[in-house]
Peer 1: 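The structure follows.
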Protein chains: 2
Amino acid sequence: MTKTLPTTSRSLPIALIRAREGVMLPIRDMLSETGITEQQWRVLRVLSEFGQMDAKTLADRSSLLFPSLTRIAATLRDKGFVTQTRDDKDKRRQFIKITAAGQKIIDDRADRAAEIVKGFKATLGDEKYETLLDLLGMLDPGAQK
Amino acid sequence: MTKTLPTTSRSLPIALIRAREGVMLPIRDMLSETGITEQQWRVLRVLSEFGQMDAKTLADRSSLLFPSLTRIAATLRDKGFVTQTRDDKDKRRQFIKITAAGQKIIDDRADRAAEIVKGFKATLGDEKYETLLDLLGMLDPGAQK
DNA sequence: GCCATTTCCTTAACATGTTAATTGTTGCGA
DNA sequence: TCGCAACAATTAACATGTTAAGGAAATGGC
């Protein structure tokens, strides 16, 4: 017998896109005044949380493909939010570090960002919110299930 | 007191990205041989499910922004997978319809696509799979919560 | 009928996603 | 040490995401 595709309304890829759309709306709204994008924000967040690291690690932790990171790092460098330095031991490698100006971008908006997160927790309820994160984690190819 | 941002590993936007990455991996793999992209596949899926419709409705149902749809429709038309016709009653409007060649793209891969879906249900378990879709639906800005 | 507004669609400009090719370095085994 | 595979990063090419502006057609109030 022939297998049937799920209706698009119950399609996992589409549901993921739409949910992401909903989640990003207030975040993009918050970022609009800064002139930085959602991905640039993510890179700064990771650098702020973990400190200086090489580009490959940064790409992984930011969930960005390497070519994207190359461009984003260049943009952030031009804006003065990160610095790039070559590793003397291994000249292929590059270290990226957040600057004070970059850190300020994060700090000035940490409260508002936390409020946005709080809003989503309120929408779903704390328990469902955690359940959702767990279920999403199971689909993450990087997190050995 | 100062609010704290969640660690990036428990960030909802990042979790959504990574989950989507995991879900799309086998799908992109399936589509690689067709020369059509994931979004083009989505448009064909919607047209196949609902039949001919105007561009605005198609964009909504495909979860695509209008400018993206304009380009994608042009690409699919050039490939012979859809036809575009103006509405005589309202010359602003445009109807888009899947062709036999376009339908064949879907039909030839429906089984494999269904297998992929089955794989994710198996990963999560049927119950958690449905729970996930419900939770994602709650974040969908288009679905009045 | 006239005009401002709205609606549907297109185009533009820039950033990112995605895959592949390329460059410069390192490390390793013959 | 030579040669080559592996690695880090960049660049290129094309498609999409996102916002804004623009054009053409319909609509509604007057």
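Here the structure is a predicted model, which is why all the values come from computation and not from measurement.
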Peer 1: Would the number of heavy atoms belonging to other residues, nucleotides or ligands and lying under 6.0 Å from CD of B:Glu127 be above 12?
Peer 2: no
Peer 1: May I ask you to decide if A:Glu38's main-chain N or O and A:Arg42's side chain share a donor-acceptor pair within less than 3.5 Å?
Peer 2: no
Peer 1: Dump the pairs, protein N or O against N or O of nucleotides 7-11 of chain C, anything under 3.5 Å, distances to one decimal.
Peer 2:
from	atom 1	to	atom 2	distance (Å)
C:dT7	O2	B:Arg92	NH1	2.7
C:dC9	OP1	B:Gln94	N	2.7
C:dC9	OP1	B:Gln94	O	3.4
C:dC9	OP2	B:Lys56	N	3.0
C:dC9	O3'	B:Gln94	NE2	3.3
C:dT10	OP1	B:Gln94	NE2	3.3
C:dT10	OP2	B:Thr70	OG1	2.9

Peer 1: Is B:Ile14 reachable from A:Leu76 through a run of hydrophobic residues whose side-chain heavy atoms are each under 4.5 Å from the next?
Peer 2: no
Peer 1: Is the side chain of A:Thr99 donor-acceptor paired with the backbone N or O of A:Gly80 at a distance under 3.5 Å, no angle test?
Peer 2: yes
Peer 1: Test your reading of the model: is there a side-chain donor-acceptor pair from A:Arg93 to the backbone of A:Arg86, 3.5 Å cut-off?
Peer 2: no
Peer 1: Pairing donors with acceptors under 3.5 angstrom, does anything connect the side chains of B:Ser62 and B:Gln39?
Peer 2: no
Peer 1: Output the rounded distance in Å from CD (A:Glu38) to P (C:dC14).
Peer 2: 20 Å
Peer 1: Is there a side-chain polar atom (N or O) of B:Thr37 under 4.0 Å from OP1 or OP2 of D:dA15?
Peer 2: no
Peer 1: Starting at atom CD1 of A:Ile72, determine the distance to atom P of D:dA9, rounded to an integer number of angstrom.
Peer 2: 15 Å
Peer 1: Roughly, in whole Å, what's the span from CG in A:Asp87 to P in D:dC7?
Peer 2: 17 Å
Peer 1: Any idea which heavy atoms bring B:Arg45 and B:Ile106 closest together, and the distance?
Peer 2: N-CD1, 3.7 Å
Peer 1: Strictly below 4.0 Å, heavy-atom distances to any atom of DNA chain D: list the hits from residues 19-36 of chain B, or just say none.
Peer 2: none
Peer 1: Quickly work out the B:Gln40 CD to C:dG17 P distance and round it to whole Å.
Peer 2: 19 Å
Peer 1: More than 12 heavy atoms of other residues, nucleotides or ligands under 6.0 Å from NZ of A:Lys128: is that the case?
Peer 2: no
Peer 1: Once you round it to whole Å, what is the distance between P of C:dT16 and CG of A:Leu65?
Peer 2: 12 Å
Peer 1: Would you say A:Trp41 and A:Leu69 are hydrophobically clustered, going by side-chain heavy atoms of ILVMFWY under 4.5 Å?
Peer 2: yes
Peer 1: Taking CD1 from A:Ile17 and C1' from C:dT16, how many angstroms apart are they, rounded to a whole number?
Peer 2: 15 Å
Peer 1: Could you give the CD1-to-P distance, from A:Ile96 to D:dT10, as a whole number of Å?
Peer 2: 7 Å
Peer 1: From NZ of A:Lys89 over to P of C:dG27, roughly how many Å is that when rounded to an integer?
Peer 2: 12 Å
